[in-house]
Amino acid sequence: MKIVLIGANGTIGREVQRKLREAGHEVVPVGRSSGELRVNLEDRASVAALFRDLGAFDAVAVAGGEVAFKPLASLTTEDLVFSFRSKGIGQIHVVQEALPYIRDGGSFTLISGVTGREPIRDGAAAAAVSRAVEGFAMAAASELPRGLRVNVISPTVLAESMPAYGAYFAGHEPVSGEKVANAYLKAIEGRMNGDTIAVGA
Ligand SMILES: NC(=O)c1ccc[n+]([C@@H]2O[C@H](COP(=O)([O-])OP(=O)(O)OC[C@H]3O[C@@H](n4cnc5c(N)ncnc54)[C@H](OP(=O)(O)O)[C@@H]3O)[C@@H](O)[C@H]2O)c1
């Protein structure tokens with residue numbers, strides 16, 4: 001399959017790229033600030049332009065989008081708008097804008113995170129956005145035409161990210177990037193639709 005991967009050069013994206021290529025897929029890597037193909041999830045016109053210029057493809061996977069990690073009392077409106085616009089609405093726009101171009105039977109694989117399943121310190125905005133993405137997929141699945149599917153990967157913290165995020169995840173058992181990448185492969189090659197695939201506790 002030809003798979004468009006947004007956030008391809010990030011911690012998760014690199015693992016997903018490797019896994020999909022190992023499985024024999026053609027990966028089209030897309031970055032925000034690096035690589036030949038670029039997109040800004042915060043800008044719908046940029047998302048639309050990406051798919052308009054790409055030609056046909058079989059799947060889109062997202063491993064990017066940002067949220068603000070801050071104590072509840074100091075989360076500003078701007079923090080919340082930023083979080084929803086980047087990781088929330090950004091991923092919804094990916095599905096909407098790719099829809100005219102994706103081949104029949106194709107799939108969308110989005111990203112949420114353990115923040116939507118367990119309370120993490122400073123994670124209220126992340127939790128709200130994760131659940132929003134999962135809710136979107138659950139409902140949008142029933143509207144997708146042509147045998148298309150949409151699913152969400154919800155990993156706990158990656159072992160590779162512990163140096164950066166470890167302080168927020170005391171007592172959590174990290175998962176390997178390999179395991180998270182397998183979940184993407186499962187969502188792309190499997191038949192699930194509207195599901196959230198939890199990876200790790
Ligand atoms: N790492 C974890 O432990 C973990 C666990 C659960 C969930 N997640 C979620 O998984 C996603 C990826 O995490 P990660 O750790 O792989 O992050 P990362 O290493 O920071 O990589 C994120 C990638 O997404 C791209 N990106 C970020 N904002 C973007 C935007 N507005 N438009 C287009 N591309 C954008 C970045 O591009 P540039 O490098 O060009 O900026 C980067 O390639 C995030 O949503 C995160 O919340 C991560």
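Numbering of residues begins at 1 and proceeds along the displayed sequence. Heavy atoms only: backbone and side chains are in, while hydrogens, waters and symmetry mates are out. Order of appearance sets the numbers: ligands from 1, and atoms from 1 within every ligand.
- Between Ser112 and ligand 1 there is a heavy-atom distance shorter than 4.0 Å.
- Residue Tyr165 has no N or O atom closer than 3.5 Å to an N or O atom of ligand 1.
- Those atoms of ligand 1 that come under 4.0 Å of a heavy atom in Gly64, given as number and element, are 24 (O), 45 (O).
- At a 4.0 Å cut-off, at least one heavy atom of Thr156 sits close enough to ligand 1 to count as contact.
- A tilted orientation is assigned to the rings of Phe169 and Tyr165, their planes being inclined by 30° to 60°.
- The CD1 atom of Ile6 lies 13.0 Å from the CD1 atom of Ile111; values are rounded to the nearest 0.5 Å.
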With salt bridge (charged side-chain N to carboxylate O under 4.0 Å, His left out) as the test, would you mind laying out the steps for Arg18 and Glu178 before giving the verdict?
CA-CA 9 Å; Arg18 189 180 47 72; Glu178 165 87 16; 3.2 Å; yes

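- Among protein heavy atoms, the minimum distance from atom 47 (O) of ligand 1 is reached at Lys87 NZ, 2.9 Å.
- Of the N or O atoms in Gly13, none lie within a sub-3.5 Å distance of an N or O in ligand 1.
- Taken to the nearest 0.5 Å, the OG1 atom of Thr156 stands 6.5 Å off from the CZ atom of Arg117.
- For the pair Leu158 and ligand 1, the shortest N or O to N or O distance falls below 3.5 Å.
- Closest to atom 48 (C) of ligand 1 by heavy atom, among Ile12, Val129, Val180, is Ile12.
- Glu160 contributes a side-chain N or O that, together with a main-chain N or O of Gly177, makes up a donor-acceptor pair within less than 3.5 Å.
- Close to ligand 1: Val157, with a non-hydrogen atom less than 4.0 angstrom away.
- The shortest N or O to N or O distance between Ala8 and ligand 1 is not under 3.5 Å.
- The protein heavy atom nearest to atom 17 (O) of ligand 1 is Thr11 N, 4.5 Å.
- Distances from ligand 1 to the non-hydrogen atoms of Gly90 include no value under 4.0 Å.
- Around atom 27 (C) of ligand 1, the closest heavy atom drawn from Gly116, Gly65, Ala164 belongs to Gly65.
- Within a 6.0 Å sphere centred on CD of Glu36, heavy atoms belonging to other residues, nucleotides or ligands number 12 at most.
- Heavy-atom contacts of Ile111 reach the following atoms of ligand 1: 9 (C), 10 (O), 11 (C) (cutoff under 4.0 Å).
- Summarising the local packing, CZ of Arg44 is surrounded by more than 12 heavy atoms from other residues, nucleotides or ligands at distances under 6.0 Å.
- Close approach of ligand 1 to Asn40 is summarised as follows: ligand atoms under 4.0 Å from at least one heavy atom of the residue are 30 (C), 31 (N), 32 (N).
- Between the side chains of Thr115 and Ser130, at least one donor N or O lies within less than 3.5 Å of an accepting N or O.
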